[in-house]
Enquirer: 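Here's a structure for you.
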Amino acid sequence: MLVTTIIPVYNRAAKLGEAVASVLEQTYRPIEIVIVDDGSTDDTAAAADALAVRHPEIRVLHVPNGGPGAAREAGRRVARGEFIQYLDSDDVLLPRKFDLQVTGLLAQPECGISYGWTAVRANGVRQERPSKRTGEAIATLFPSMLQSRWWDTMTPLYRKSLVDDAGPWTSLRMEEDWEYDARIAARGVRLHYVAGWLAENRQDGSDRLSGSGHTSATLRDRARAHALIFAHARRAGITSDVPEMQHFARELFLLARQCGAAGLGDESATLFALAREASTNGGALQFRLYAAAAKLLGWPLTGKLACLSDRLR
């Protein structure tokens, strides 16, 4: 059964070769690799084309710059495998990843995703403990996915039937991966767990494909992602009394304050309303006072004052 690895890349020619090599070194066959050049402005496009010339398993797509989600979606649309692996161009897979995960998924047809231990290698030093929650056996993505995206992009192997059912990646440039997995979580997918090392998340301080920071564009994308994640959780039947939903309610309220401080009044108002809906106590004094302040002062000024108060605590 064919495994397709989709690698979006933007201005990262030097690291692309190592990511591709980690897929070619898989003990499992058959495989294919779809490299999606996300409108690179350096020699990355040429490097990707050169890899395809040397390796018949590789295809290259050149698309206008649209961010990581759009690039992954371009690759997903042409993927031919029964299993889908997403891999960022600065990360690597360990050689037995596909062997272990495909074997597990074939043995457990009720599972739609396989995951396992993921290492972090920061500035050349590998941490000895599995990152985030990849060292835990968790049966389903919800409700735990409301606390955080507790794995990295290279960790899971998906059945293609599952990702086809979930639909396209969004055009978001921030938290697009969290929204994607929350959308899949709403389908009640069960997880296969590998108690062993599968991949490395490599961190050297350089920018990731999606960028970073707290610009208005970043916050606008995060606001949209959070609203979608909340909708996915509600569709999955996650109620406000679940601890993970309470955590997410606090996250929504914090992001509402940050958006207000950045001048994003509409986003702030939307997230605040969702925070009240997600909370078990949407009528609490803090919510009533914040709503009254926003009505009097406006969402941006109220957000600025609230963020200042948060920093002074």
Side-chain angles (χ1 to χ4, degrees), residues 6 8 67-73 76 84-88 90-91 93 112-120 122 127 129-158 162-163 166-194 198-203 207-214 218-219 221-236 238 242-252 254-255 258 271 274 278:
I6 298 167
R72 293 184 193 114
E73 177 59 20
R76 187 193 69 85
I84 300 295
Q85 170 73 56
Y86 296 109
L87 176 63
D88 288 345
D90 57 346
D91 297 320
L93 310 181
I113 303 174
S114 177
Y115 78 100
W117 300 359
T118 302
V120 171
Q127 299 176 7
R129 297 181 61 182
S131 68
K132 300 181 180 178
R133 300 184 68 180
T134 62
E136 302 176 40
I138 301 174
T140 59
L141 285 172
F142 271 156
S144 59
M145 192 59 71
L146 279 173
Q147 288 188 301
S148 66
R149 187 177 185 248
W150 50 261
W151 59 28
D152 292 299
T153 297
M154 81 296 296
T155 303
L157 182 72
Y158 304 84
L162 177 65
V163 300
W169 286 77
T170 70
S171 59
L172 297 170
R173 290 177 179 259
M174 291 295 296
E175 296 183 349
E176 79 295 332
D177 43 13
W178 192 8
E179 183 279 328
Y180 186 76
D181 283 326
R183 190 173 357 134
I184 288 175
R187 284 154 172 78
V189 60
R190 298 195 64 80
L191 306 178
H192 168 261
Y193 175 63
V194 177
L198 298 179
E200 281 190 1
N201 175 0
R202 300 198 167 178
Q203 302 175 1
D207 288 339
R208 306 291 284 183
L209 190 67
S210 59
S212 59
H214 294 280
T218 294
L219 288 170
D221 272 7
R222 292 190 62 213
R224 183 181 167 205
H226 273 63
L228 289 170
I229 291 166
F230 178 69
H232 300 325
R234 283 300 201 217
R235 190 162 58 254
I238 308 299
V242 174
E244 291 85 354
M245 181 63 88
Q246 285 301 292
H247 174 91
F248 196 69
R250 293 189 293 271
E251 177 101 359
L252 287 166
L254 172 61
L255 188 56
Q258 293 171 339
L271 292 171
L274 293 180

Enquirer: Should we say atom CZ of R190 is surrounded by more than 12 heavy atoms from elsewhere, each under 6.0 Å from it?
Expert: no
Enquirer: Can you confirm whether R183 sits close enough to L228 that some side-chain heavy atom of one is under 4.5 Å from a side-chain heavy atom of the other?
Expert: no
Enquirer: Indicate whether any N or O donor in one side chain lies under 3.5 Å from an N or O acceptor in the other, for T155 and T134.
Expert: no
Enquirer: Do I138 and W151 touch side chain to side chain, with heavy atoms closer than 4.5 Å?
Expert: no
Enquirer: So, using salt bridge (charged side-chain N to carboxylate O under 4.0 Å, His left out) as the criterion, who are the partners of E244 when residues are at least two apart?
Expert: none
Enquirer: Say whether, by atom type as modelled, one donor and one acceptor occur between the side chain of Y193 and the main chain of G135 under 3.5 angstrom.
Expert: yes
Enquirer: For R250, which residues count as a side chain to side chain contact (heavy atoms under 4.5 Å, CB included) partner, sequence neighbours excluded?
Expert: Q246, H247
Enquirer: Kindly give the heavy-atom pair with the smallest separation between M145 and W178, and that separation in Å.
Expert: O-NE1, 2.8 Å
Enquirer: Please give me the minimum heavy-atom distance between S144 and W150, naming the atom from each residue.
Expert: OG-NE1, 2.9 Å
Enquirer: Using the salt bridge (charged side-chain N to carboxylate O under 4.0 Å, His left out) criterion, which residues pair with D181? Sequence neighbours excluded.
Expert: R149
Enquirer: So, using side chain to side chain contact (heavy atoms under 4.5 Å, CB included) as the criterion, who are the partners of A166 when residues are at least two apart?
Expert: I184, R187
Enquirer: Can a donor-acceptor pair be found, under 3.5 Å and without considering hydrogens, that links the side chain of T118 to the backbone of S131?
Expert: no
Enquirer: The criterion is side chain to side chain contact (heavy atoms under 4.5 Å, CB included); which residues satisfy it with L254, sequence neighbours excluded?
Expert: R257, Q258, D310
Enquirer: Using side-chain heavy atoms (C-beta onward) and a distance below 4.5 Å, is Y115 in contact with L198?
Expert: no
Enquirer: Going by heavy atoms in the side chains, are P68 and D177 under 4.5 Å from each other?
Expert: no
Enquirer: Less than 4.0 angstrom from a charged side-chain N to a carboxylate O is my criterion; do R72 and D88 meet it?
Expert: yes
Enquirer: Consider side-chain contact (heavy atoms from CB on, under 4.5 Å). Of R133, M245, E251, which one does Q147 pass it with?
Expert: R133
Enquirer: Is any side-chain heavy atom of Q203 closer than 4.5 Å to one of V120?
Expert: yes
Enquirer: Go through the structure and list residues passing side chain to side chain contact (heavy atoms under 4.5 Å, CB included) with A236, not counting sequence neighbours.
Expert: F142, A186, I238
Enquirer: Any idea how Y86 and Y158 line up, ring-wise: parallel (<30°), tilted (30 to 60°), or perpendicular (>60°)?
Expert: perpendicular
